[in-house]
Amino acid sequence: MHDSGKIIGGLVIFVAGLTFPFWFTLAAGQADYRPDPERPTGQKHCVEDTAYMKAWHMDLLDHWRDEVVRNGQRVYLPDKRWPCSRDEDCTGGFCQQGICRYDMSLTNNCLECHRSRARFCDRCHDYLEVKPYCWDCHLAPEEE
Amino acid sequence: MKAAVSLIVVLALVVLAYLGTGLGQAGFIFGIVLPYLALAVFLVGFVSRVLGWARSPVPFRIPTTCGQQKSLRWIKHDRLENPFTAWQVIGRMLLEVLFFRSLFRNTRMEMHQGKMTHGPSKWLWLGAIVFHYSMLVVLLRHLRLFTEPVPFFVGWIEAADGFLQIGVPVLYLTSLGLLAGLGYLLLRRLFIAQVRYISLLNDYFPLWLLLGIGSTGFLLRHFVKTDLVSIKSLTLGLISFSPQLPEGVHWLFYAHLLLVCTLFAYFPFSKLMHLGGVFLSPTRNLASNNRAVRHVNPWDYPVKVHTYEEYEDDFRDKMVAAGIPVEKQPQPAAAAEKE
């Protein structure tokens, strides 16, 4: 008894499953899609370096949460010293001694500059199937 | 010694990735050439191994005495442990593949008050099941990096896996399950003397390799972060056969990838082929119906036989003369003579 029919059938199913990402993505035709998080207009820099923000923003937020909720600290002095001359230079924070300091807050900081959660945070997050549970409680400002 | 050698090989691979992409500029090789190569070796190797197995005939059923075979109506038949029909075989295979039925039978022998005793031993089964299911979930979770759009069920898996909401990004239970399962499977080889005695290089190497993959992956998620958007642009490029190398990706990612490529390329030549082999185990996938169905050996050549009837025809007179009982009496001839 060879059962080659069943074995080859099994192999076909296995290979089809293994190559699922290939044919699924090609069939959907979006393989060259890249997210395009909307850049804030007016502001020139983020709280920290852009490269750092791309990889580590969730840790920054986690750190802020602990600082605020556990230590009652609300002002963040970035590692990166952004020079400023008045408060308007530091949206989501204020200018003190020529350096930007920021309010450690999700809604009142990040979303002050990145006005739209849908067109900024979510564009990346949807791309990578990240679903932060933060929005269960925290509010994004009303979409215009 | 064998454990140490295989650990050194895995560490050397990590160092190689560091030299190639941390210090050097060989991202093209590590990020594009090797993944394609490894996948090709895996596919061709896997399929040809299985086809090789498919070519060997399995003429006879191998009943294993795990349960009562189908017999007389009033003897209770154990349908799953000793299947008789195709559906019952499918049941036994599902038990084997999904729940590792055979491992669950594991026993240990021990001297107990001077007597040899046998007792159940489920730790191996537990370690194996935790590792395998974690591995499955981890693989499915990785689909988010390999598909666009991401299929709906990936989000469900992430939500279930991270439901404890520990930390940001959330800690997945299967990340721990994978490492804990592998850790147990490795430690038992190192610390149980009998198991260490029978362990080979190719038992340790896959364990260290998988541990290397799991721990670099864990580090990349929680401690050594790198921009995932760039990484997904690399994977989607590979998938759509228009690869492009992103910039600024941490070398540890390439170490993770190199270990995965090693796993893929090594897979068809290793014991890991039990992934395909479990479906082809003749003691599991054949109905035990020897008593009811005649299985003819397909490679039997025609044997020239001389039956007893023919033998008696040849020698009937002599046998009767010598007083040997015969089946067919030489009656008709004798009766004709009398008339």
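Convention: sequence-line order gives letters A, B, ...; per-chain numbering from 1.
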Using non-hydrogen atoms only, which part of [X] is less than 4.5 Å away from chain B: side chain, backbone, both, or neither?
X      : result
F24(A) : side chain
F22(A) : both
F20(A) : side chain

Given a strict heavy-atom distance threshold of 4.5 Å, which part of [X] is in contact with chain A: side chain, backbone, both, or neither?
X       : answer
L275(B) : side chain
L39(B)  : side chain
E158(B) : side chain
L228(B) : both
F60(B)  : neither
F42(B)  : side chain

Test your reading of the model: is there a side-chain donor-acceptor pair from [X] to the backbone of [Y], 3.5 Å cut-off?
X       : Y       : answer
T226(B) : H250(B) : yes
H142(B) : V138(B) : yes
D103(A) : N109(A) : no
R65(A)  : R70(A)  : no

Contact leader toward chain B among L61(A), D62(A), L128(A), V15(A), where contacts are heavy-atom pairs under 4.5 Å: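 Highest number of heavy-atom pairs under 4.5 Å: L128(A).
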
So which residue, L26(A), D59(A), D126(A), ends up with the most heavy-atom pairs under 4.5 Å with chain B? D59(A)

In terms of SG positions, are C100(A) and C84(A) separated by less than 2.5 Å? no

Find the one option among G248(B), S233(B), G155(B) whose heavy-atom pairs under 4.5 Å with chain A are most numerous.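 When all of G248(B), S233(B), G155(B) are compared, S233(B) has the most.
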
Of all of R141(B), R144(B), Q244(B), Q165(B), which one pairs up most often with chain A through heavy atoms under 4.5 Å apart?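 Most heavy-atom pairs under 4.5 Å with chain A: Q165(B).
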
Is the shortest side-chain heavy-atom distance between V130(A) and M58(A) below 4.5 Å?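 They are not in contact (no side-chain heavy atoms under 4.5 Å apart), so the answer is no.
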
Locate the shortest heavy-atom distance separating R123(A) from D36(A); write the atom from each residue and the value.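 Looking at all heavy atoms of both residues, the closest pair is NH1-O, 2.8 Å.
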
State, without any angle test, whether Y76(A) and E48(A) hold a side-chain donor-acceptor pair at a distance under 3.5 Å.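 Yes - a donor-acceptor pair under 3.5 Å links their side chains.
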
Any luck finding a side-chain donor-acceptor pair between S288(B) and Q69(B) under 3.5 Å?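 Checked: S288(B)/Q69(B) side chains pair up, N/O donor to acceptor below 3.5 Å.
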
